[in-house]
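Quick notes on the structure that follows.
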Amino acid sequence: MLNPVCPHPDSGYRRHLLFRSEVEVLLSPAHGVWLRELAEVYELAWASTWEAWANRCIAPLLGLPELPWVACGSSAGAPDGDFVPIVQHAAGRPFAWVDDLIPPRLLRRYAHRSDVLLLPVEPGQGLRRGHVDRLLSRPPTAV
């Protein structure tokens, strides 16, 4: 979750206007640094309603290369949200999913799995350094 709803005023987010000022996103330069750090351990992919647009609009603002993306936009309202397309993208590999809309029943179901890490993010504040530290300290491993 890179575009929080209401981050703390001192948290370093910058306002970016996209699509001829029709869309506003809040991004922190720290996110680019953190995601590049995570890329040393993880194969990153966008799992967002931005889909392919994330590479054109968000990645350049964060200094990220083009990343694979998971088609998540059509999952809205599905019982498991975006989980099914993310599992399909992982194709049996261990993976982490960081999001503000992870269904609580999935958090309970996968809490003790070593190959899946579901990391909820508070939508008001977005991705924090503590999330990155958790991802780096115990990445998911094959069963």
Side-chain angles (χ1 to χ4, degrees), residues 1-19 22-76 78-143:
M1 169 97 197
L2 301 178
N3 181 27
V5 178
C6 55
H8 188 276
D10 298 329
S11 58
Y13 283 89
R14 295 184 184 151
R15 180 175 170 237
H16 299 273
L17 297 173
L18 307 174
F19 303 109
E22 293 180 22
V23 176
E24 177 183 284
V25 295
L26 295 173
L27 298 172
S28 170
H31 287 156
V33 173
W34 297 345
L35 291 170
R36 286 188 296 278
E37 188 177 347
L38 288 168
E40 294 176 17
V41 176
Y42 292 87
E43 178 186 322
L44 301 181
W46 297 110
S48 161
T49 54
W50 282 85
E51 296 187 342
W53 285 99
N55 282 318
R56 294 181 65 189
C57 299
I58 306 300
L61 295 172
L62 296 174
L64 297 174
E66 187 167 313
L67 300 171
W69 56 274
V70 179
C72 290
S74 62
S75 305
D80 290 335
D82 296 331
F83 192 64
V84 171
I86 290 169
V87 169
Q88 290 171 340
H89 178 79
R93 298 170 292 175
F95 69 93
W97 178 26
V98 181
D99 202 333
D100 64 333
L101 295 173
I102 301 173
R105 73 180 194 306
L106 290 178
L107 291 170
R108 289 188 301 274
R109 184 184 310 154
Y110 290 92
H112 301 291
R113 296 267 304 259
S114 63
D115 61 328
V116 176
L117 171 58
L118 304 181
L119 191 57
V121 173
E122 200 278 310
Q125 297 302 311
L127 184 70
R128 312 291 287 197
R129 181 65 213 191
H131 298 112
V132 175
D133 291 342
R134 168 57 183 95
L135 289 161
L136 293 172
S137 69
R138 292 188 323 263
T141 57
V143 184

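Count residues from 1 along the sequence.
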Quick check for you: to the nearest 0.5 Å, what is the distance between [X] atom [atom1] and [Y] atom [atom2]?
{"X": "Leu101", "Y": "Leu106", "atom1": "CG", "atom2": "CG", "answer": "12.0 Å"}
{"X": "Asp99", "Y": "Ile86", "atom1": "CG", "atom2": "CD1", "answer": "6.5 Å"}
{"X": "Leu62", "Y": "His31", "atom1": "CG", "atom2": "NE2", "answer": "8.0 Å"}
{"X": "Arg15", "Y": "Leu17", "atom1": "CZ", "atom2": "CG", "answer": "4.5 Å"}
{"X": "Leu27", "Y": "Cys57", "atom1": "CG", "atom2": "SG", "answer": "10.5 Å"}
{"X": "Glu37", "Y": "Tyr42", "atom1": "CD", "atom2": "OH", "answer": "11.5 Å"}

Checklist line | Residues Arg134, Leu117; criterion side chain to side chain contact (heavy atoms under 4.5 Å, CB included); working and verdict | finding: CA-CA 10 Å; Arg134 168 57 183 95; Leu117 171 58; 3.3 Å; yes
Residue pair [X] / [Y]: nearest heavy atoms and the distance that separates them:
{"X": "Gly124", "Y": "Pro4", "answer": "O-CB, 3.3 Å"}
{"X": "Ser11", "Y": "Tyr13", "answer": "OG-CD1, 3.0 Å"}
{"X": "Gly12", "Y": "Pro29", "answer": "O-CD, 3.5 Å"}
{"X": "Ile102", "Y": "Trp97", "answer": "CD1-O, 3.6 Å"}
{"X": "Asp82", "Y": "Cys72", "answer": "OD1-O, 2.9 Å"}
{"X": "Cys6", "Y": "Gln125", "answer": "O-NE2, 3.0 Å"}

Notebook entry, point to check: Going by atom types only, do Trp46 and Asn55 share a side-chain donor-acceptor pair under 3.5 Å?
Noted result: yes
Are the side chains of [Y] and [X] in contact, using a 4.5 Å heavy-atom criterion?
{"X": "His89", "Y": "Pro68", "value": "yes"}
{"X": "Pro94", "Y": "Thr141", "value": "no"}
{"X": "Leu35", "Y": "Leu2", "value": "yes"}

Note to self: Apply side chain to side chain contact (heavy atoms under 4.5 Å, CB included) to residues Arg14 and Leu26 and explain how you reach the verdict.
What the structure shows: CA-CA 5 Å; Arg14 295 184 184 151; Leu26 295 173; over 6 Å; no
Checklist line | Pairs touching residues 107-126 that satisfy salt bridge (Lys or Arg N to Asp or Glu O under 4.0 Å), sequence neighbours left out | finding: Arg113-Asp115
Next item on the list: Could you check Val25 against Trp50 for side chain to side chain contact (heavy atoms under 4.5 Å, CB included), going step by step and ending with a plain yes or no?
Entry: CA-CA 12 Å; Val25 295; Trp50 282 85; 3.6 Å; yes
Notebook entry, point to check: Thinking salt bridges, do Glu66 and Arg56 make one under a 4.0 Å N-O criterion?
Noted result: no
Item checked: Aromatic plane relationship, Phe83 with Phe95 - under 30° parallel, 30 to 60° tilted, over 60° perpendicular -> tilted
